[in-house]
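Here the structure is a predicted model, which is why all the values come from computation and not from measurement. When reading the values below, keep in mind they use all heavy atoms of this one structure, side chains included, and skip hydrogens, waters and symmetry mates.
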Amino acid sequence: MPILGESDPYIRPFVFFVVRGRQGAEQTIRVRLDTGFDGSLALPPSLVDALGLQAATARRTQLADGSLAYFMEYRVRILWEGFERPVRALAKPGEPLAGVGLFEGYRVCIEFIDGGEIRAEFIA
């Protein structure tokens, strides 16, 4: 069962999935695919708080402009292809992001048109 999403009017690719926190908290979110982000997931602090996520560590991260920043890293579970998958997520202001680390072992096909289909299929 492939992961599905779509491109928005600005040709940015998004996928949709459920994130699960502690004590049964969960939320369906729209996550932008960011091929410049080599981590798995970045979530806004407000969502981290709403899900009651457990902090794992502070992580130093190099940003696209070359600068370094520290972000708290959290344990989160996502519903992925019908199964619960544990991942680590950075708490970072802005929209939720999915990095290429989340798609390791997958083939990702993106139609870069308004409303274009996003499909990720396991290949490894």
Inter-residue atom distance [X].[atom1] - [Y].[atom2], 0.5 Å rounding:
X      : Y      : atom1 : atom2 : result
Glu81  : Leu4   : CD    : CG    : 9.5 Å
Phe17  : Thr28  : CZ    : OG1   : 10.5 Å
Arg107 : Arg119 : CZ    : CZ    : 11.0 Å

Sub-4.5 Å side-chain heavy-atom contact between [X] and [Y]:
X      : Y     : value
Val108 : Thr35 : no
Ile78  : Glu84 : no
Arg30  : Asp8  : yes

Determine, stepwise, if the pair Leu102 / Arg85 fulfils side chain to side chain contact (heavy atoms under 4.5 Å, CB included). CA-CA 10 Å; Leu102 194 64; Arg85 176 181 170 187; 4.0 Å; yes
Joint hydrophobic cluster, [X] plus [Y], side-chain heavy atoms closer than 4.5 Å:
X      : Y      : result
Ile11  : Ile110 : yes
Val100 : Val31  : no
Ile118 : Phe112 : yes
Met72  : Leu41  : yes
Leu90  : Val87  : no

Over all heavy atoms of both residues, which pair between [X] and [Y] is shortest? Give the atoms and the distance, please.
X      : Y      : value
Val76  : Arg20  : CG2-O, 3.5 Å
Leu53  : Arg22  : C-CD, 4.2 Å
Ser7   : Ile113 : CB-O, 3.1 Å
Gly101 : Ser40  : C-OG, 3.9 Å
Pro44  : Pro96  : CD-CG, 3.9 Å
Leu51  : Gln27  : CD2-N, 4.2 Å

Test side chain to side chain contact (heavy atoms under 4.5 Å, CB included) on Val19 and Glu26; report intermediate values, then the result. CA-CA 5 Å; Val19 290; Glu26 70 177 38; over 6 Å; no
List the steps and the verdict of side chain to side chain contact (heavy atoms under 4.5 Å, CB included) for Phe103 and Leu33. CA-CA 10 Å; Phe103 293 93; Leu33 274 65; 4.1 Å; yes
Ring pair (Phe, Tyr, Trp, His ring centres under 6.0 Å) partner of Phe122, the single match among Phe83, Tyr106, Trp80: Tyr106
According to ring-ring contact (aromatic ring centres under 6.0 Å, His included), does anything in residues 21-75 pair up with another residue at least two apart or in another chain? List the pairs. none
Mind checking what makes salt bridge (Lys or Arg N to Asp or Glu O under 4.0 Å) contact with Glu73, not counting sequence neighbours? Arg59, Arg88
Keeping Arg77 on the side-chain end and Gly21 on the backbone end, is there a donor-acceptor pair under 3.5 Å? yes
State whether the number of non-hydrogen atoms from other residues, nucleotides or ligands found under 6.0 Å of Arg12 atom CZ is greater than 12. yes
